[in-house]
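The next block holds one structure in the form of C-alpha cells; read it before the comments.
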Amino acid sequence: MEKLRIVFVAMVAFVLVLEGVHGICNVSNDGLMECKPCIQNDNPTDAPTKACCAALESADFKCLCKYKDSYVLKTMDINSTRAMELPQLCSIPNAPVSCKSVKRGTPSN
Ligand SMILES: *[C@@H]1O[C@H](CO)[C@@H](O)[C@H](O)[C@H]1NC(C)=O
Ligand SMILES: *[C@@H]1O[C@H](CO)[C@@H](O)[C@H](O)[C@H]1NC(C)=O
C-alpha cells in the first residue's frame with residue numbers, strides 16, 4: 001500500500017512539474033511561487049506580495065477553482081481556504097468571491 005502511495009505522490013509531482021512549465025490557469029509558475037508563502041499551511045505570511053497580486057490579475061479564476069480541493073494543492077502544502085482569499089487580499093475587482101458562484105456542478109472537482 002505504502003509503495004502505491006509513493007508512486008501516486010510521485011505522479012502528482014510529475015504532473016505538477018509538467019504543468020509548471022507553463023503555469024496553471026494563466027498564472028505563471030513564477031507567479032505561483034510568489035504567492036505560495038502567503039497561502040502555505042506552514043507559517044504563512046500576512047499579505048501577498050505585489051508580484052503575487054500582479055500574477056493573479058490575469059488569472060483564470062474559474063480554472064483555479066477546479067484546483068481548490070485537489071490533491072495538487074495538498075501536495076504543495078497550500079491552504080485552499082487561504083488561497084481562495086487571495087483575490088480579495090489583492091483587491092482584484094473581477095475575481096469571484098467564492099468558487100460556488102463559478103462552479104456549475106462539475107463532476108470532477
Ligand atoms: C492571460 O494573461 C495575459 C497576460 O498575462 C492576458 O493578456 C490574457 O487575457 C489572459 N488570458 C485569460 C484567459 O485570462
Ligand atoms: C487555512 O486558512 C484559514 C484562513 O486563513 C485558517 O483559518 C485556517 O486555520 C488555515 N488552515 C490550516 C490548516 O492552516
Side-chain angles (χ1 to χ4, degrees):
M1 277 311 258
E2 190 57 21
K3 195 174 177 186
L4 230 143
R5 201 180 117 83
I6 291 166
V7 169
F8 180 67
V9 170
M11 259 178 62
V12 172
F14 181 64
V15 169
L16 253 187
V17 169
L18 276 185
E19 297 220 51
V21 176
H22 301 293
I24 55 168
C25 303
N26 217 27
V27 182
S28 71
N29 202 35
D30 287 351
L32 287 175
M33 288 306 128
E34 282 292 339
C35 291
K36 190 168 182 287
C38 182
I39 56 178
Q40 66 196 7
N41 285 316
D42 182 25
N43 208 3
T45 58
D46 283 343
T49 62
K50 282 204 175 72
C52 164
C53 291
L56 285 181
E57 263 163 28
S58 54
D60 180 346
F61 289 104
K62 282 180 197 170
C63 164
L64 284 176
C65 281
K66 286 190 278 187
Y67 286 86
K68 185 176 170 291
D69 298 313
S70 81
Y71 215 91
V72 176
L73 293 186
K74 293 190 180 83
T75 308
M76 287 179 85
D77 192 33
I78 284 173
N79 178 338
S80 58
T81 309
R82 215 168 147 72
M84 289 306 126
E85 289 169 0
L86 259 191
Q88 284 160 281
L89 292 174
C90 288
S91 310
I92 292 172
N94 55 359
V97 177
S98 87
C99 281
K100 288 202 184 81
S101 58
V102 288
K103 193 166 77 181
R104 277 166 307 195
T106 36
S108 61
N109 198 5

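Note: hydrogens, waters and symmetry copies are ignored here, and every other heavy atom, side chains too, is used. In each ligand, atom 1 is the first atom listed, and ligand 1 is the first ligand listed. What you see is a predicted model; the values in this text were computed from it and never measured.
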Measuring to protein heavy atoms, does anything land under 4.0 Å from atom 5 (O) of ligand 2?
-> yes
Please name the residue in the list Leu89, Asp30, Leu86 that meets the side chain to side chain contact (heavy atoms under 4.5 Å, CB included) test with Cys35.
-> Leu86
Could you please spell out the steps behind the side chain to side chain contact (heavy atoms under 4.5 Å, CB included) verdict for Asn79 and Ile39?
-> CA-CA 6 Å; Asn79 178 338; Ile39 56 178; 5.6 Å; no
Closest heavy-atom contact between Phe61 and Leu56?
-> CZ-O, 3.5 Å
Shortest protein heavy-atom distance from atom 3 (C) of ligand 2, along with the residue and atom involved | Asn79 ND2, 3.6 Å
Atoms of ligand 2 close to Asn41 [distance to a heavy atom under 4.0 angstrom, numbered from 1] = 12 (C), 13 (C), 14 (O)
Does the protein put any heavy atom within less than 4.0 Å of atom 11 (N) of ligand 2?
-> yes
Run the numbers for me: atoms of ligand 2, each under 4.0 Å from some heavy atom of Arg82, listed by number.
-> 2 (O), 5 (O)
Which heavy atom of Met76 sits nearest a heavy atom of Met33, and at what distance?
-> CE-CE, 3.6 Å
SG to SG, are Cys52 and Cys90 under 2.5 angstrom apart?
-> no
